[in-house]
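Report on one structure; see the data block that follows.
For ligands, and for the atoms within them, numbers begin at 1 and follow the listed sequence.
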Amino acid sequence: MGKVILTGDRPTGRLHIGHYVGSLRRRVELQNSGKYEKIFIMIADAQALTDNADNPEKVRQNIIEVALDYLSAGLDPEKACIFIQSQVSELTELTFFYNNLVTVQRLQRNPTVKAEIQMRGFNDSDEADNKAGTPVGFFCYPISQAADITAFKATTVPVGEDQAPMIEQTREIVHKFNTVYGETLVMPEMLLPDNAACLRLPGTDGKAKMSKSLGNCIYLSDSAEEVWVKVKGMYTDPLHLQVSDPGHVEGNTVFTYLDAFCKPEHFAKFRECFVGKKVSFEFNSLDEVKAQYQAGGLGDMMIKSFLNAVLNDTLEPIRARRHELEKNIPYVYEVLRKGSEIARAEAADTLAAVKRSMRINYFDSGVLDALIAEQSAKYSK
Ligand code: TRP
């Protein structure tokens, strides 16, 4: 059997460059590698609702934003099936059966669930705030994520590092199901980004994660002007006060972004920088730039100007494609409608296999006759 990819994103905002280097860029490469028999990319609106129950409109609005980001980043509907999670109702049925294979205690130990509960303040027991408490659907979302992955018989799940506990939990569910009911589900593997800087791109403020609520994101759909404003304001090395001072590259966000985005050809392409005026920027590799920064004599504005050029080199073609697609919204919804139809057929096939293994397929052809014979025999004694 060929290899199959399933991955996706919650539609709670536009996608940012952390999503891009953490998974989107890789998906496009995998899509074009020809090594995968099927590729499913899911807009996880149902999962987004697990902590946005009172804000369904936000989720609804962002489905198209994420779809536009996908297509403009290079996902090709001819090669990858892009679909909306809530339109595949088979996923909820699988989740219902998997719920019985997981304990509350195991979910409580899931590090991502723990961290997210903390981050969202669900555990704060503020009596006056009737929003306090963890929604059951949110608490159980790792189980629904196992349904997403197994429904499409995914062998490979390309995700960011924060999703590792989800894949681990899925693997446990697969193991348990196959042990109890017989070999049915495909055991998935996680695929992490190969570049350390891409595992978790920090926000422009240097904080651990790019996140909309922290306001430290550069979006794929940001204009060149917006990107430059954000790059100029980026966190660097607080000890690098004078251009002549030696600087640190570790923990310096500008260098982390360069590690994630810079390609060898950028050094030939960008031999000038803009720091109020044009100045030459003659380096042949990122190592050379780093060495000069560490030795002293390379200003923050220089490296920010170079980073800005590097970022825009990646973002400009994405932006251009987005502008074209924004003029053709009916096409984007047609991609999603068709994709959801294909996804549904695939999930239905897995659900049928699951029900066969659990022997809850009472009315399948052939099964009913055998069932009648079995039960009749019991009562004719
Ligand atoms: N939890 C993922 C995120 O927050 C989105 C997601 C839902 C997903 N189902 C998935 C990712 C299945 C990979 C596989 O980004």
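Taken together through direct or relayed side-chain contacts under 4.5 Å among Ile, Leu, Val, Met, Phe, Trp and Tyr, Leu351 and Tyr181 form part of one hydrophobic cluster. Under a hydrophobic clustering in which Ile, Leu, Val, Met, Phe, Trp and Tyr are joined whenever their side-chain heavy atoms come within less than 4.5 Å, directly or via other members, Leu94 and Leu49 fall into different clusters.
Ring planes of Phe267 and Phe306: tilted class, angle from 30 to 60°. Between Phe40 and Phe83, the ring planes are perpendicular. Angles over 60° get that label, and only those under 30° would be called parallel.
Within the listing of ligand 1, atoms 7 (C) sit less than 4.0 angstrom from a heavy atom of Ala44. Listed by number with element, the atoms of ligand 1 under 4.0 angstrom from any heavy atom of Leu6 are 12 (C), 14 (C). Heavy-atom contacts of Met42 reach the following atoms of ligand 1: 7 (C), 9 (N), 10 (C) (cutoff under 4.0 Å). Which parts of ligand 1 touch Gln47 is read off a 4.0 Å heavy-atom cut-off, strictly below it: atoms 1 (N), 2 (C), 4 (O), 5 (C), 6 (C), 7 (C), 9 (N).
Protein heavy atom nearest atom 3 (C) of ligand 1, with residue, atom name and distance: Gln163 NE2, 3.8 Å. The protein heavy-atom contact nearest to atom 15 (O) of ligand 1 is Gly8 O, 4.0 Å.
Within the cation-pi definition used here (under 6.0 Å to the ring centroid, within 45° of the axis), Arg10 qualifies as a partner of Tyr141.
Scanning Gln85, Gln145, Arg10 for the heavy atom closest to atom 10 (C) of ligand 1 points to Gln145. Between Thr50, Ile5, Asp148, it is Asp148 that holds the heavy atom closest to atom 9 (N) of ligand 1.
Salt bridge Lys355/Asp364: absent, no basic N to carboxylate O contact under 4.0 Å.
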